[in-house]
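One-based numbering, in listed order, for ligands and for the atoms of each. Bear in mind the structure is a predicted one, so any value in this text is a computation, not a measurement.
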Amino acid sequence: MKALVTRPGAIGSTHVADVPEATGDGVAIRVLEVGVCGTDREISHGHFGVAPDDESELVLGHELLGRVERDGHGFSRGDLVTAVVRRSCRHCLACSEGSPDSCLTGDYFERGITRLDGFACELVVEDPAQVVPIPRSLGPLGVLAEPASICERALRHARAIGTRQPWELQRALVLGAGAVGTLSTYLLRLAGLEVWTASLEPANDLVTACGAHYVALPGTPLSELGSFDLVIEAAGNAQLMADTLGLLRRSGVACLLGIDPRVQRVELDGRTIALDTILENRVLFGSVNAARQDWLAAVADLDRARELWPDELEQFVNLRVPLDRFEDAFAHRGGKATLVLAD
Ligand code: BGC
């Protein structure tokens, strides 16, 4: 069968290859579509990713939308599904309690990223416990379940941290309007918050359509926007990450989701960290990946968002190309690109 494979560490080695058909007695899933994100680009550029043990190549793709091939394991032929990305390291407390997203060893496996082949191939066979149902009403938008699960985990953790003391979550700032920034904006609007989303483009209709305020970054200093109960950094800029601490209100929480691997120094006013953060009970934390509960929340919230803003979410996935046009998908900016493997 056809698959998109790469040799981790080898720049530009990504190509479409013929790989053996998936076998085994899990849930057989016909892959319909696979979303592409910054992590896939990083792997393809040789900066990230690990092939399965004893293999030199890794099948890419961790944002799955698929259709169950035959009845069994609690699923029916034709069901739309996705599957979680990270799998247990098998020897830590967090993984043994069903939270590989909080793995304590770093020895976890991730589909399409770390030591496990991904979903950018025609058919996958998946452990039933890792399969997540997608409601038929959500349809092709189910391909957004993975990035939405990342946002759900971040919000769940932000709420857990915020509510360790009396806290009112009313005003949020999202930095970055890629997939994670835009989906975070939609989830926060669903929760009824006043949301400000800042990015580099002069305007962003997707952001304003859900009732959030859009801020074009170069022109507007963030300090002019006032302060926030929650700041989410989804732009992947280390300086902006440092700046988040100074944008918080009393008891505010800042969550870092974007990644910026550049070797660099960032500036932070000493008083922001060594005075305000203490005297105002502020917190800065990072979040990665998602637990099963976040996937279930993501699917349910995407379906609620689709009811409120159907056209906007449709526009969000704005490039769908076949597997052999993966380079176009990787080069795409502004909205989500996907690889289409079947109708
Ligand atoms: C994925 C996460 C994964 C992380 C690190 C992200 O792109 O969405 O599921 O844990 O990369 O590998």
Between the main-chain N or O of Asn237 and the side-chain N or O of Glu233, is there a donor-acceptor pair closer than 3.5 Å?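 Confirmed, Glu233 side chain pairs with Asn237 backbone.
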With no hydrogens and no angle check, is any side-chain donor or acceptor of Arg111 less than 3.5 Å from a backbone partner on Asp117?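 Yes: the side chain of Arg111 pairs with the backbone of Asp117.
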Within ligand 1, which atoms have a heavy atom of [X] less than 4.0 Å away?
X: Cys37; result: 7 (O)
X: Arg86; result: 10 (O)
X: Phe48; result: 12 (O)
X: Ile113; result: 11 (O), 12 (O)

Compare all side-chain heavy atoms of His62 with those of Glu146 and state whether any distance is below 4.5 angstrom.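 Yes; the side chains approach each other to less than 4.5 Å.
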[atom]: the protein heavy-atom neighbour that sits closest, reported with distance to 0.1 Å:
atom: atom 6 (C) of ligand 1; result: Thr39 OG1, 3.4 Å
atom: atom 12 (O) of ligand 1; result: Glu110 OE1, 2.6 Å
atom: atom 1 (C) of ligand 1; result: Glu146 OE2, 3.5 Å
atom: atom 9 (O) of ligand 1; result: Asn289 ND2, 2.8 Å
atom: atom 4 (C) of ligand 1; result: Val288 CG2, 3.9 Å

I'd like to know whether CG of Leu217 has more than 12 heavy-atom contacts from other residues, nucleotides or ligands below 6.0 angstrom.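 Yes.
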When you look for heavy atoms under 4.0 Å from ligand 1, do you find them on the side chain of Pro147, its backbone, both, or neither?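 Pro147 to ligand 1: no contact under 4.0 Å from either part.
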With a 4.0 Å cut-off on N to O distance, would you call [X] and [Y] a salt bridge?
X: Glu69; Y: Arg77; value: no
X: Glu314; Y: Lys336; value: no
X: Asp276; Y: Arg271; value: no

Check: Thr114 N/O within less than 3.5 Å of ligand 1 N/O: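 Checking ligand 1 against Thr114, no N or O pair falls under 3.5 Å apart.
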When you measure from the centre of the six-membered ring of Phe228, is the NZ or CZ of Arg171 closer than 6.0 Å and no more than 45° off the axis?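 Yes, a cation-pi geometry.
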